[in-house]
Amino acid sequence: MIEMQDVYKTYPNGVVALNGVNVRIKQGEFVYVVGPSGAGKSTFIKMMYREEKPTSGTIMVNGVNLAKLKDSKVPLLRRHIGVVFQDFKLLPKLNVYENVAFALEVIEESPKAIRKKVMEVLDLVGLKHKVRSYPNELSGGEQQRVSIARSIVNSPKIVIADEPTGNLDPETSWGIVELFEKINDRGTTIVMATHNKEIVNATRRRVIAIENGKIVRDEAKGEYGYDA
Ligand code: ADP
Ligand code: ADP
């Protein structure tokens, strides 16, 4: 569960990116975050994995108040929240297998168990046959699939994605969204910021619209609601 109460964020340069946000996202929901550029979508999402701290307010994620979480505990949090970025952020010198294994929390796991987990998630994203490839040998869609495999390898309750289809063509984007739906079907909460009007309008999930740092719309089977 994710819950924000009276969340404000002012960046050091004085920009008010979030201006009083209240929201509850239940375990297992699939949520799109939409709104114009500069509205505060990324800041909203970054709050959920403590990439940014609120200036004031509370953010509860799986029972932990991230506003108060010690910096030393952030890496632990990150292993329990999968994050997917527009630009994939794969490590270029590691192959597909290594990129996913690298993110795996290896405490008390045998090499055999690690291999099983990594291969399971690569199978789920349809990339078992590319385990030995390097990121620069993959298409954009394949790289995003690897980054999704990395985000779920620790079986997080929540996967957060910031414009995951922003660099992909329409057909590839659909494949990525179908993959998120498959992950959501297993009970994982998905929160995805997106500008993809076609996908939002076709899939009719919960839509949270942000403008000028405020939630201006929150609908259970929402639409994109903007022209582009
Ligand atoms: P969106 O994701 O909707 O485009 P952002 O959350 O990235 O919006 O940005 C909201 C506002 O905060 C914008 O005015 C942006 O320029 C500003 N902003 C974002 N990140 C920073 C930062 N690190 N420092 C200062 N201002 C920022
Ligand atoms: P950085 O670019 O911050 O020096 P890395 O190159 O190691 O760090 O990783 C690139 C980005 O990907 C970082 O922001 C890191 O937090 C993020 N990252 C790596 N693995 C995961 C993961 N499993 N879930 C979420 N984010 C991850």
Side-chain angles (χ1 to χ4, degrees), residues 1-5 7 18 21-35 41-51 54 57-67 69 74 76-86 100 103-105 117 120-126 144-165 173-196 198-210 215-225:
M1 234 256 285
I2 301 168
E3 184 168 12
M4 295 194 191
Q5 274 183 317
V7 169
L18 293 179
V21 168
N22 290 281
V23 76
R24 278 179 88 141
I25 296 171
K26 291 203 288 277
Q27 185 58 40
E29 283 197 73
F30 191 124
V31 183
Y32 290 118
V33 180
V34 306
K41 301 181 298 296
S42 288
T43 304
F44 176 67
I45 274 192
K46 283 175 179 170
M47 293 289 151
M48 298 177 187
Y49 60 101
R50 244 294 289 270
E51 181 70 20
T58 14
I59 302 172
M60 301 296 294
V61 175
N62 297 334
V64 178
N65 184 358
L66 302 197
L69 189 73
V74 171
L76 186 68
L77 170 84
R78 295 280 174 80
R79 278 182 244 132
H80 298 284
I81 301 176
V83 187
V84 175
F85 304 93
Q86 179 171 1
V100 176
L104 187 66
E105 191 176 18
K117 268 194 187 158
E120 261 170 24
V121 290
L122 285 174
D123 193 26
L124 184 83
V125 304
Q144 193 58 296
R145 285 173 183 275
V146 176
S147 109
I148 293 169
R150 176 184 66 187
S151 79
I152 59 169
V153 72
N154 287 307
S155 308
K157 290 198 175 81
I158 302 168
V159 172
I160 292 166
D162 197 351
E163 295 204 36
T165 64
S173 298
W174 268 109
I176 294 298
V177 169
E178 280 161 9
L179 188 49
F180 281 119
E181 297 215 306
K182 196 152 102 179
I183 293 164
N184 179 246
D185 285 342
R186 312 190 316 167
T188 308
T189 307
I190 308 283
V191 180
M192 184 189 304
T194 186
H195 283 290
N196 199 315
E198 190 195 309
I199 287 175
V200 173
N201 287 346
T203 50
R204 303 304 300 264
R205 298 289 194 152
R206 180 173 175 187
V207 173
I208 294 174
I210 298 183
I215 294 179
V216 294
R217 183 157 55 91
D218 185 350
E219 293 166 343
K221 290 186 178 175
E223 292 187 59
Y224 187 71

Checklist entry - How far does CD of E51 sit from OG of S42, to the nearest 0.5 angstrom? => result 10.5 Å
Checklist entry - When rounded to the nearest 0.5 angstrom, what distance separates CG in N196 from OG1 in T165? => result 4.5 Å
Checklist entry - Can we say E223 and R217 salt-bridge, meaning some charged N sits less than 4.0 Å from an Asp/Glu carboxylate O? => result no
Next on the checklist: Restricting to ring-ring contact (aromatic ring centres under 6.0 Å, His included), what partner residues turn up for F30, sequence neighbours left out?
Outcome noted: Y32
Item to check | Exercise: identify the closest heavy-atom pair between P156 and H80 | outcome: CB-O, 3.3 Å
Item to check | Counterpart residues, salt bridge (Lys or Arg N to Asp or Glu O under 4.0 Å), relative to E181 (two or more places apart) | outcome: R205
Checklist outcome for this item: In terms of heavy-atom contacts, A103 and R150 come closest through CB-CG, 3.4 Å
Checklist entry - With distance as the sole criterion, is a donor-acceptor pair present between the side chains of T58 and N65 under 3.5 Å? => result no
Item to check | Sequence-distant partners of E29, salt bridge (Lys or Arg N to Asp or Glu O under 4.0 Å), two or more places apart | outcome: R206
Next on the checklist: Could you check whether any side-chain N or O of K157 sits under 3.5 Å from a backbone N or O of I81, counting only pairs where one atom can act as donor and the other as acceptor?
Outcome noted: no
Next on the checklist: Return the CD1 to CD1 distance between I160 and I25, rounded to the nearest 0.5 Å.
Outcome noted: 8.5 Å
Item to check | Results of salt bridge (Lys or Arg N to Asp or Glu O under 4.0 Å) for K117 - residues two or more places apart only | outcome: E109
Checklist entry - In Å, rounded to the nearest 0.5 Å, how long is the span from CD1 of I152 to CG of L124? => result 5.0 Å
Item to check | L122 CG to I148 CD1 distance, which is reported to the nearest 0.5 Å | outcome: 12.0 Å
Checklist entry - Where do P54 and A67 come nearest, in terms of heavy atoms and distance? => result CG-CB, 3.8 Å
Item to check | CA sep, side-chain torsions, deciding dist, call: V21, L18, side-chain contact (heavy atoms from CB on, under 4.5 Å) | outcome: CA-CA 7 Å; V21 168; L18 293 179; 4.0 Å; yes
Next on the checklist: The criterion is salt bridge (Lys or Arg N to Asp or Glu O under 4.0 Å); which residues satisfy it with E178, sequence neighbours excluded?
Outcome noted: none
Checklist entry - Would V146 and V125 satisfy side-chain contact (heavy atoms from CB on, under 4.5 Å), going step by step from the backbone distance to the final call? => result CA-CA 7 Å; V146 176; V125 304; over 6 Å; no
Item to check | Donor-acceptor pair, side chain of Q144 and main chain of F85, under 3.5 angstrom | outcome: yes
Checklist entry - Between R24 and M1, is any pair of side-chain heavy atoms under 4.5 Å apart? => result yes
Checklist entry - Quick check: does any side chain N or O of T189 sit under 3.5 Å from a backbone N or O of G28, one acting as donor and the other as acceptor? => result yes
Next on the checklist: Among residues at least two apart in sequence or on other chains, which ones pass side chain to side chain donor-acceptor pair (under 3.5 Å) with E219?
Outcome noted: none
Checklist entry - Judged by atom type as modelled, is there a donor-acceptor pair below 3.5 Å linking the side chain of T203 to the main-chain atoms of I199? => result yes
Item to check | T194 side chain reached by E163 side chain, heavy atoms, under 4.5 Å | outcome: no
Checklist entry - Looking at V23 and D218, what are the two nearest heavy atoms and their distance? => result CG2-OD2, 4.3 Å
Checklist outcome for this item: Heavy-atom nearest pair, A149 first then V100, reads CB-CG2, 3.9 Å
Checklist entry - Stepwise, does the side-chain contact (heavy atoms from CB on, under 4.5 Å) test hold for V34 with I208? => result CA-CA 6 Å; V34 306; I208 294 174; over 6 Å; no
Checklist entry - Distance from S151 atom OG to R78 atom CZ, nearest 0.5 Å? => result 13.5 Å
Checklist entry - Can you check whether G126's main-chain N or O pairs, donor with acceptor, with R145's side chain at less than 3.5 Å? => result no
Checklist entry - Are any side-chain N or O atoms of R50 and backbone N or O atoms of L66, one a donor and one an acceptor, separated by less than 3.5 Å? => result yes
Next on the checklist: I need the minimum non-hydrogen distance between M4 and V7, along with the two atoms involved.
Outcome noted: CB-CG2, 3.7 Å
Item to check | Derivation of the side-chain contact (heavy atoms from CB on, under 4.5 Å) call for Y224 and V207 | outcome: CA-CA 7 Å; Y224 187 71; V207 173; over 6 Å; no
